[in-house]
Protein chains: 2
Amino acid sequence: MRLSTKGRYAVTAMLDLALNGQDGPVTLADISENQGISLSYLEQLFAALRAKKLVRGVRGPGGGYFLGREADEISIANIICAVDEWVEFTRCQGKQDCRGGQRCLTHSLWDDLSRQIYDFLEEITLADLVERGRNSDAGCDKHKADHLVDEMTGKAA
Amino acid sequence: MRLSTKGRYAVTAMLDLALNGQDGPVTLADISENQGISLSYLEQLFAALRAKKLVRGVRGPGGGYFLGREADEISIANIICAVDEWVEFTRCQGKQDCRGGQRCLTHSLWDDLSRQIYDFLEEITLADLVERGRNSDAGCDKHKADHLVDEMTGKAA
DNA sequence: ATTATAACACAGTAAATTACTAGGGAATTA
DNA sequence: TAATTCCCTAGTAATTTACTGTGTTATAAT
């Protein structure tokens, strides 16, 4: 599993579609404006999403993008895998020697963990996130985010 | 949250420590050998792990590294955050305008998701993984199976 | 038909990150 | 004293990220 800012761009863009795609397609220009991502980079990301049928494009004036299927049928794992190109888990899988050594065990453990992370993200759909956003008054909870950052960086005791 | 091969290197290295650090310290040279990571790159990673007190170094002959605390007190999130340097979640946190617009909502949703992923990885400790490895006879079964398949299909001479 | 719109496509590129090499030092043990 | 191992810094090739630029094609409105 791989989770980077590129994956975040894809997820937020798809969220944008899920939120605004009810009445007509959403243009990449809109998403670019909303999310602060360059238009051409979005086109690159959407080429990958399109290839996995996660979005459907409509050309011409009044065109734009729709979700490729219902929001509750699109998992976060789907989105991230589409743009973040799956990386092989371990090195010893193919050629390498793996005669019951330490290396193989740690790699096997990593595979298990990686699988767990994937399963976790597979369970969360775009619809889940949208629904969650509706329930919490959310908006721009800056303090919550700050607190989270503090926790990560070990500043908060 | 950010999850890359760098994070994987750190986690597998820490697993190596957890598995082999029972009777004496483990040298980076050993880990380098076991995991197939360059020594100097490991030193770079361990500088970060050391800074977060996740490992403790012992110099001189017979030296090496110990876990900084018990394996059940070290979460996967701890490890990944140590080496993968936390990235800011959204762009609208500081300066940017955030007047309840679409942008802010999607970013807030991403924050929620990011939080969930963190909490998930915070719950899994090194000890959990080691324990899991002990229960499953694991080892190299997958590779044994692969080899079997290869034999069947005549790939292996 | 013409024109504007927007997806679609591809090439190039600056910046950042990854993973590594090189060359030392400092602490510790034999 | 010598070997070992952590520790530190600087440099760097390869890759990825994120973006710019320049188009072409499909469609809708005029």
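Throughout, protein chains are lettered first and strands after them, A, B, ... in sequence-line order, and every chain is numbered starting at 1. Atoms considered below: every heavy atom in the structure, side chains included; atoms not considered: hydrogens, waters and symmetry mates. Just so we're clear, the structure is a prediction, and the values are computed from it rather than from any experiment.
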From [atom1] of [X] over to [atom2] of [N], roughly how many Å is that when rounded to an integer?
X	N	atom1	atom2	value
F46(B)	dA19(C)	CZ	C1'	16 Å
L42(A)	dC8(C)	CG	C1'	14 Å
L28(A)	dC8(C)	CG	P	8 Å
L49(B)	dC6(D)	CG	P	13 Å
K6(B)	dT18(C)	NZ	P	5 Å
D84(B)	dT18(C)	CG	C1'	10 Å
L45(A)	dA7(C)	CG	C1'	15 Å

Under 4.0 angstrom between [X] side-chain N/O and [N] OP1 or OP2:
X	N	result
R2(B)	dT17(D)	no
R50(A)	dA9(C)	yes
R56(A)	dC8(C)	no

**Q.** Polar contact flag, side-chain donor to acceptor under 3.5 angstrom, D128(B)-T125(B)
**A.**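 Distance-only check passes for D128(B) and T125(B).
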Q.
Can you tell me how the ring of Y65(A) sits relative to the ring of F46(A), calling it parallel under 30°, perpendicular over 60° and tilted otherwise?
A.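 Tilted, since the angle between the ring planes falls between 30° and 60°.
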Q | Validation row: N20(A), N34(A) side chains within 4.5 angstrom (heavy atoms) | A |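 In contact.
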(Q) With a 4.5 Å cut-off on side-chain heavy atoms, are D30(B) and D16(B) touching? (A)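 Sidechains of D30(B) and D16(B): no contact.
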Q. Would you call R115(A) and D119(A) a salt bridge, using N to O less than 4.0 angstrom?
A.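 Yes, this pair counts.
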(Q) Quick check against the 3.5 Å criterion: does T12(A) have a side-chain atom that pairs as donor or acceptor with the backbone of R8(A)? (A)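 Checking the backbone N and O of R8(A) against the side chain of T12(A), a donor-acceptor pair under 3.5 Å is found.
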Q: Please answer: with hydrophobic residues joined when any side-chain heavy atoms are less than 4.5 Å apart, are V130(B) and I117(A) in the same cluster?
A: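 V130(B) clusters together with I117(A).
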Q: State which of dA18(D), dT18(C), dT5(D) makes the closest approach to the side chain of T5(A).
A: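 Shortest atom-to-atom distance from the side chain points to dA18(D).
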Q) When every nucleotide of nucleotides 20-30 of chain D is labelled 5' to 3' by its protein contacts under 4.0 Å (heavy atoms), B for base, S for sugar-phosphate only, - for none, what sequence of letters results? A) BB---BBBB--
**Q.** Touch class at under 4.0 angstrom, heavy-atom based, for Y65(B) against every strand present
**A.**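 Y65(B): backbone/sugar contact only, no base atoms under 4.0 Å.
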